[in-house]
Novice: 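Here you go, one structure.
Note that this is a predicted model, so its numbers are computed, not measured.
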Amino acid sequence: STPMTFKLTLIMSLCFGGSSALILSFMALINHQFTASYIFNAFPASFLLFFGWFNIVTRPLWNLKIKKLNKHS
């Protein structure tokens, strides 16, 4: 029942981006493709991808659903 805010998408992006960067780094490590700069490139890329997705797709759809639910309540 709570709308998704810009601040929430920022926090979610940090969490999901960080965890996906760790997973990607681990996969690179076990495939012998890991370099020292890999994690520094993987985290910003993961963060930006999640941030874009959450703000372009998830937040508008979530907030639309919340409006519909609150309208019927």
Side-chain angles (χ1 to χ4, degrees):
S1 65
T2 305
M4 191 176 289
T5 62
F6 181 80
K7 181 181 175 183
L8 182 60
T9 61
L10 183 66
I11 293 169
M12 289 170 52
S13 298
L14 286 171
C15 294
F16 284 99
S19 61
S20 67
L22 287 176
I23 291 168
L24 289 171
S25 296
F26 179 71
M27 290 172 57
L29 183 66
I30 62 174
N31 289 320
H32 306 289
Q33 297 175 346
F34 185 80
T35 61
S37 65
Y38 189 88
I39 189 82
F40 296 108
N41 293 327
F43 178 73
S46 297
F47 170 78
L48 289 173
L49 286 170
F50 276 106
F51 188 70
W53 178 263
F54 288 144
N55 282 296
I56 293 170
V57 177
T58 306
R59 185 172 68 156
L61 292 174
W62 178 272
N63 290 341
L64 181 64
K65 183 69 174 178
I66 292 302
K67 287 179 186 176
K68 287 182 181 181
L69 287 174
N70 288 339
K71 189 176 175 181
H72 294 291
S73 296

Novice: What is the minimum heavy-atom distance between G17 and S46, and which atoms define it?
Specialist: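 G17 and S46 have their closest heavy atoms at O-CB, 3.4 Å.
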Novice: Drop me the distance from N41's CG to L24's CG, to the nearest 0.5 angstrom.
Specialist: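 One gets 11.5 Å once the value is rounded to the nearest 0.5 Å.
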Novice: With rounding to the nearest 0.5 angstrom, report the CG to CE distance, L64 to M4.
Specialist: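 That separation rounds to 12.5 Å.
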Novice: Rounded to the nearest 0.5 Å, how far does CZ of R59 lie from CD1 of I66?
Specialist: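 Going from the CD1 atom of I66 to the CZ atom of R59 covers 13.5 Å.
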Novice: Centres of the F6 and F54 rings: under 6.0 Å?
Specialist: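 No, the ring centres sit 6.0 Å or more apart.
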Novice: Using modelled atom types only, decide if a donor and an acceptor are shared between the side chain of N63 and the backbone of P3 within a distance under 3.5 Å.
Specialist: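 Not confirmed, N63 side chain does not pair with P3 backbone.
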Novice: Quick check against the 3.5 Å criterion: does W53 have a side-chain atom that pairs as donor or acceptor with the backbone of S13?
Specialist: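 No: the side chain of W53 does not pair with the backbone of S13.
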Novice: Hey, could you give me the SG/CZ distance between C15 and F47, rounded to the nearest 0.5 Å?
Specialist: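 Those atoms lie 10.5 Å apart.
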Novice: Give a yes or no answer on whether the side chain of S19 reaches the backbone of F16 with a donor-acceptor pair at less than 3.5 Å.
Specialist: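 Side chain of S19 to backbone of F16: a pair is present.
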Novice: When hydrophobic residues are tied together by side-chain contacts of less than 4.5 Å, even through go-betweens, does L61 share a cluster with F50?
Specialist: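 Cluster IDs for L61 and F50 match.
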Novice: What's the spacing between F43 CZ and L48 CG if we round to 0.5 Å?
Specialist: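 Those atoms lie 9.0 Å apart.
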Novice: Assign the ring pair F34 / Y38 to parallel, tilted or perpendicular, where the plane angle (0 to 90°) is split at 30° and 60°.
Specialist: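 Answer is tilted, since the angle falls between 30° and 60°.
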Novice: Minimum heavy-atom separation for T2 and W62, please, with both atom names.
Specialist: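 Smallest interatomic distance, heavy atoms only, reads O-NE1, 2.9 Å.
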Novice: CD1 of I56 to OG1 of T9: how many Å apart, nearest 0.5 Å?
Specialist: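 Going from the CD1 atom of I56 to the OG1 atom of T9 covers 11.0 Å.
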Novice: I30 and L22: same hydrophobic cluster, using ILVMFWY side-chain contacts below 4.5 Å?
Specialist: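 No: no chain of side-chain contacts under 4.5 Å links I30 to L22.
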